[in-house]
Amino acid sequence: QVQLVESGGGSVQAGGSLRLSCASSGYTYSSECMGWFRQAPGKEREGVASIFRHFSGSSSTLYADSVKGRSTISRDKNNDMVYLDMNSLKPEDTAMYYCAAKPPARQCARWDDYTYWGQGTQVTVSS
């Protein structure tokens, strides 16, 4: 059973930084597709960043335009962790952030077919 547990959310002022962490267990595919999503009150959930890691060790990332250039997703396979480093945070980044994963046979570039979800961690950015 795949389990994802997020941490690292909190309250920060605009312009600040946060590192979100996601501890994964049971996700044992040789290749991987994992991502971060967010949902603000009254808005639909949106994909923020994803990372595809091929069993050969190569990887690729994808970012939503809203966070491109300000965020970095990374995967520590040895410790079963996924990170989202966010810089230059804006009030509009305020949302619940979710870690997600799916079987690598699915296209990692798609946002709409993730299978496994964490419970979320709240990020609040004040102006």
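FYI, side chains are in, hydrogens and waters are out, and symmetry mates aren't considered; it's all heavy atoms of this structure.
For the pair Met34 and Ile73, the minimum side-chain heavy-atom distance is 4.5 Å or more. Side-chain contact check for Asp76 versus Tyr83: some heavy-atom pair is nearer than 4.5 Å.
The ring pair (Phe, Tyr, Trp, His ring centres under 6.0 Å) check on Tyr27 picks up Tyr29, with sequence neighbours excluded. Partners of Ser58 according to the side-chain contact (heavy atoms from CB on, under 4.5 Å) rule, which considers only residues two or more places apart in sequence or in another chain, are His54, Ser56. Partners of Ser88 under the side-chain contact (heavy atoms from CB on, under 4.5 Å) rule, at least two apart in sequence or in another chain, are Arg70. Remark: Ser7 engages Ser21 in a side-chain contact (heavy atoms from CB on, under 4.5 Å) (not counting sequence neighbours). Every residue meeting the side-chain contact (heavy atoms from CB on, under 4.5 Å) condition with Gln122, not counting sequence neighbours, appears here in chain and number order: Thr94, Met96, Thr124. Taking Tyr114 as the reference, Phe37 meet the ring pair (Phe, Tyr, Trp, His ring centres under 6.0 Å) condition, with sequence neighbours excluded.
Evaluation of the salt bridge (Lys or Arg N to Asp or Glu O under 4.0 Å) test over residues 49-60, restricted to residues two or more places apart or in two chains, returns none. The disulfide (SG to SG under 2.5 Å) pairs that include a residue from residues 33-91 are Cys33-Cys108, where partners are two or more places apart or lie in different chains. Screening residues 33-44 for side chain to side chain donor-acceptor pair (under 3.5 Å), with sequence neighbours left out, gives Arg38-Glu46, Arg38-Ser66, Arg38-Asp93, Arg38-Tyr97. A disulfide (SG to SG under 2.5 Å) check over residues 67-104, counting only residues at least two apart or in different chains, returns the pairs Cys22-Cys99. Counting only residues at least two apart or in different chains, salt bridge (Lys or Arg N to Asp or Glu O under 4.0 Å) contacts with residues 21-34 comprise Glu32-Arg75, Glu32-Lys77. The salt bridge (Lys or Arg N to Asp or Glu O under 4.0 Å) analysis of residues 5-24, with sequence neighbours excluded, yields the pairs Arg19-Asp85.
Checking side-chain atoms of Asn79 against main-chain N and O of Met81 turns up no donor-acceptor pair under 3.5 Å. In this structure a side-chain-to-backbone donor-acceptor pair under 3.5 Å is missing from Lys102 to Gly35. Side-chain atoms of Thr121 come within 3.5 Å of backbone N or O of Gly9 as a donor-acceptor pair.
A cation-pi arrangement is absent between Arg45 and Trp111, since the terminal nitrogen or guanidinium carbon is not both under 6.0 Å from the aromatic centre and inside a 45° cone about the axis.
The cluster map of Ile, Leu, Val, Met, Phe, Trp and Tyr, joined by side-chain heavy atoms under 4.5 Å apart, puts Leu62 and Met86 in different clusters. Residue Val82 is grouped with residue Val48 when hydrophobic side chains (ILVMFWY) are merged at heavy-atom distances under 4.5 angstrom, including chains of intermediate members. At a threshold of 4.5 Å between side-chain heavy atoms, the hydrophobic network of Ile, Leu, Val, Met, Phe, Trp and Tyr places Tyr98 and Tyr63 in two separate groups.
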Under the side-chain contact (heavy atoms from CB on, under 4.5 Å) rule, what do Thr61 and Phe52 come out as? Steps first, then yes or no, please. CA-CA 6 Å; Thr61 56; Phe52 172 69; over 6 Å; no

From CA spacing to verdict: side-chain contact (heavy atoms from CB on, under 4.5 Å), Val125, Gln13: CA-CA 5 Å; Val125 184; Gln13 288 192 329; over 6 Å; no

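Of all heavy-atom pairs between Pro104 and Ser31, the closest is CG-O, 3.1 Å. Shown here for Ala64 and Gly47, the closest heavy-atom pair between the two residues is CB-O, 3.3 Å. Considering every non-hydrogen atom in both Ala49 and Leu84, the closest pair reads CB-CD1, 4.0 Å. The nearest pair of heavy atoms linking Thr115 to Pro103 is OG1-CD, 3.5 Å. Shown here for Leu4 and Ser24, the closest heavy-atom pair between the two residues is CD2-CB, 3.5 Å.
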